[in-house]
Amino acid sequence: MTATTPDYGLRARLHRLARGSVVLAIALSSCGLAVSSSAVGATESDDETAVALHVAAGVHGTVAPGSATTASLTVQNDSTTRLSSGRIVLEVSRTPLADDAAVDSWLSDDEAAGSFDEIGADTTAPVDPEGTVTSSLFIPPEALADLGPGVYPLRASLSGAQSDGADAVTSTSVLIVTDVAASPVAVMVPITATPESGALLTADELATLTGTDGDLTAVLEGVAGTAAVLAIDPAIPAAIRVLGSSAPETAREWLLQLDELPNERFALQFGDADAQVQAQAGMPDLLQPTTLSPFLNPANFTSAPAGPGGPDATASPSPTPTDGPVLPTDEQLTTIEKAAPGILWPRSDVSVDNLATFSTYVDGPSTTVLSSTSVEATGGARATIDGRDVLVSDAAASEALSDAAAEDDQAARQSSLAEANAHLYLSGHANAFAPLLVALDRDETRSDEALRESITAVDSLGFGLGALEAAPAAPATLTSDADEARAASLRTMLDSEPTLTQFATILDDPQLLLSPKRMQILRATGVGLSDNAFATAVASVHEATQDTLGAVDIPPASTIQLLSANADLPFSVRNDLPWPVNIRLSVYPSDARLDVEPVTPWTVQAGTTARVKVPVSARVGSGEVSLRLELSSPTGVPISQPETVRIAVRAEWETIGLVVFGGLIVLLLGLGIIRTVTRKRREAAEISEAEAEAEAAGDPDVEAPGTPHKESNE
């Protein structure tokens, strides 16, 4: 999408807004005719009655001079009641539309000069609720015999059809009467895919995108067999290649098919980042990922990697490893096979100084793709601005063709194709039939059918990038101003990188954090982002940076009771990062009543809270001491904010406890001895008393208590 959205797409956008209550649809005739835009003339009743009419004439709106053609007329009833038959009248104005603005005015506002003549009529069949009826109307050659080459307003009107609240319906389109001469047209198709994480596409995302119904699969199928010029985000093949043998089979097959396509191509910047924003921000070189090595798993690479020449070619990484698998370099991971060098496709709000900077970015002659909304030229697609090569895309045709390529409904798609052909016809005549370029916007959800039909409706077979660059270049001037706001936002995002670089020293490999962060910044400046999407992306970068810097810290702690003169105090350290971190916990007491181990190194595992034990010694019996806790990386970089913990020292309680415990033991031992002595004395007294009683009674057989029993010898 270019920096300035042209007004030519207003009609298409209004149609998309209207689909919530009025459904626009058409069924093409067997010969595949072009469909117009439709105007809906229905009043909504309680059951949301809606009637839509579409008209198509010729092939994608075009017809040869003096020839017969067929119009396809479609009525769609999107209500819950039956629509009776009606009468459709097809009319054409014999006053041609002069330029793009006139085409837009006609399709958007039904405003056109000249009177309309009827060229055909038909009676429609009844339409069931939520049904569609299509009929073909033959237009004899004499009806169009007096129309010379040009773009003419075409109108169809439905009347007499009865339904709840139904009224007259009018549909507008264009009829393009072609001539022998025509401008060759090239179509440029961007191939991009945005990961959920903002870094690289994951294996699961790749499996979905390259599956049978995947969006990346649809792109390849849509461009196959066409002359479309491919603009490829190198982050896509990089995401596949970094996975090595673990990449989904569908993704590896997709990459092989991409390499085998004969289409001309060039590489976008990684993540489709905007070169204009970087040039305006004063970047000396194009931003790149810091490295892709954190995404490589050696277990997925058992042999030398494929080099730029294909799967059988190899390249020696630097430095060459002496043991283990040979991992691919960043250049090998991001290579686009058969890509033309030196081409940049930024947003179109550039300055002449930006164009000069682009040449330094590509280290040689550069070619910049710009929208015609930013360039004043009269030579078609090839131009020079201040000596710099430029390819100029037709803004009106690009907008209409992008709408067509994004439309799954074939009927609505044909409306945009007819509009695109009208704009290309007018541009060709205005530029003396010089080559033209149509550049689709960055849409990642196109269907293969819509994309293929859109390309083949306008492109010239065999006409591509090489033919465009070989065409004569006409002098041109810029009409756009450089976007300083986005450049300022980029500088702000990059300002956080030095802080993150210092913070990342807590990791064994700092690039685990820094590489994805750079990719997120690159994607935040994506060419296809609207102003609102750009602001959201920048805010996400800042939010992610703050979350990262706050991911490792010391949680607040309550007062700790120290009941011993020597102990290991546990302090919590939280790590919310997905990697283990190496930290140093520094402890500073508020006074000398505690001796503290000043620095304690520790490794906190990913996504955990560790308890770091710090040895302390109390020099006094009691009191309160504050400990200042600070985290730092192994290189001394402060991490998070310091935390203060209060320590209640009660070291004398240990002595008191020992004394009390010892006293209790002595007391218990004393009581035990006294009890034993008392029992022994009582037993002795009882024996003595029993013996005395026995002697007094003169009974020698009576045994005193406690006396051993004497067995009889008998």
Side-chain angles (χ1 to χ4, degrees), residues 32-34 58-65 100 149-151 174 176-191 219-231 261-266 338 340 343 345 367 369-372 377-383 389-405 413-414 416-441 446 448-474:
L33 303 178
V59 179
H60 303 307
T62 63
V63 62
D100 289 333
V151 178
V174 290
I176 307 157
V177 180
T178 61
D179 46 20
V180 176
S183 295
V185 179
V187 179
M188 194 171 286
V189 179
I191 301 179
V219 173
L220 288 196
E221 293 177 350
V223 301
T226 73
V229 178
L230 310 181
L261 283 176
N263 300 67
E264 294 175 285
R265 66 199 65 188
F266 64 93
K338 301 178 292 187
I343 301 178
W345 187 4
T367 300
V369 181
L370 298 176
S371 169
S372 61
T378 58
R382 180 84 191 284
D389 288 337
V390 173
L391 293 178
V392 182
S393 65
D394 186 288
S398 296
E399 179 77 10
L401 199 67
S402 294
D403 288 341
R413 185 190 315 146
Q414 297 303 316
S416 296
L417 291 179
E419 180 184 356
N421 274 318
H423 290 304
L424 289 173
Y425 177 89
L426 294 172
S427 294
H429 277 262
N431 293 289
F433 302 107
L436 300 176
L437 172 63
V438 178
L440 299 184
D441 60 21
R446 296 185 176 105
D448 58 335
E449 178 185 356
L451 181 58
R452 185 187 307 106
E453 185 175 8
S454 298
I455 296 172
T456 56
V458 302
D459 76 337
S460 303
L461 289 178
F463 189 79
L465 187 60
L468 280 176
E469 293 181 327

Working note: R382 + L391, criterion side chain to side chain contact (heavy atoms under 4.5 Å, CB included); need CA distance, chi angles, decisive distance, verdict.
CA-CA 5 Å; R382 180 84 191 284; L391 293 178; 4.1 Å; yes
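- Rounded to the nearest 0.5 Å, atoms CG (L401) and CG (D403) are 9.0 Å apart.
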Starting from the C-alpha separation in whole Å, work towards a yes-or-no answer on side chain to side chain contact (heavy atoms under 4.5 Å, CB included) for V223 and T226.
CA-CA 5 Å; V223 301; T226 73; 4.1 Å; yes
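- Using modelled atom types, one finds no donor on one side chain facing an acceptor on the other under 3.5 Å when comparing N421 with T62.
- Between D448 atom CG and E221 atom CD the span is 5.0 Å, to the nearest 0.5 Å.
- L426 contributes atom CG, which lies 11.0 Å from atom CG of N431 (distance to the nearest 0.5 angstrom).
- Closest heavy-atom contact between A418 and V174: O-CG2, 3.8 Å.
- If you take CG on D100 and CD on E399, they are separated by 12.0 Å, rounding to the nearest 0.5 Å.
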With side chain to side chain contact (heavy atoms under 4.5 Å, CB included) as the criterion, how do I191 and R265 come out once you've worked through the C-alpha distance, each side chain's angles and the decisive distance to 0.1 Å?
CA-CA 10 Å; I191 301 179; R265 66 199 65 188; over 6 Å; no
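- Proximity of L437 to V369: side-chain heavy atoms (C-beta onward) are separated by under 4.5 Å at one or more points.
- Taking 4.5 Å as the limit, some side-chain heavy atom of E469 sits within range of a side-chain heavy atom of I343.
- Taken from OG1 in T456 to CG in L451, the straight-line distance is 9.5 Å, to the nearest 0.5 Å.
- Judged purely by atom type and a 3.5 angstrom limit, S460 has no side-chain atom pairing as donor or acceptor with the backbone of P184.
- The shortest non-hydrogen separation linking N263 to A228 is ND2-O, 2.9 Å.
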List the steps, then state whether side chain to side chain contact (heavy atoms under 4.5 Å, CB included) holds for R446 with L440.
CA-CA 11 Å; R446 296 185 176 105; L440 299 184; 3.6 Å; yes
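- The shortest non-hydrogen separation linking S454 to A404 is OG-C, 3.4 Å.
- Closest heavy-atom contact between A227 and F463: CB-O, 3.9 Å.
- Between H60 and E453 there is a side-chain heavy-atom pair separated by less than 4.5 Å.
- When all heavy atoms of S402 and A439 are compared, the closest pair comes out as OG-O, 4.1 Å.
- For the atom pair CG of L424 and CG of L436, the computed distance is 6.0 Å after rounding to the nearest 0.5 Å.
- Within the 4.5 Å cutoff, side-chain heavy atoms of T178 are placed close to those of P65.
- Residue A405 comes nearest to A450 through the heavy atom pair O-CB, 3.4 Å, listed as atom of the first residue, atom of the second, then distance.
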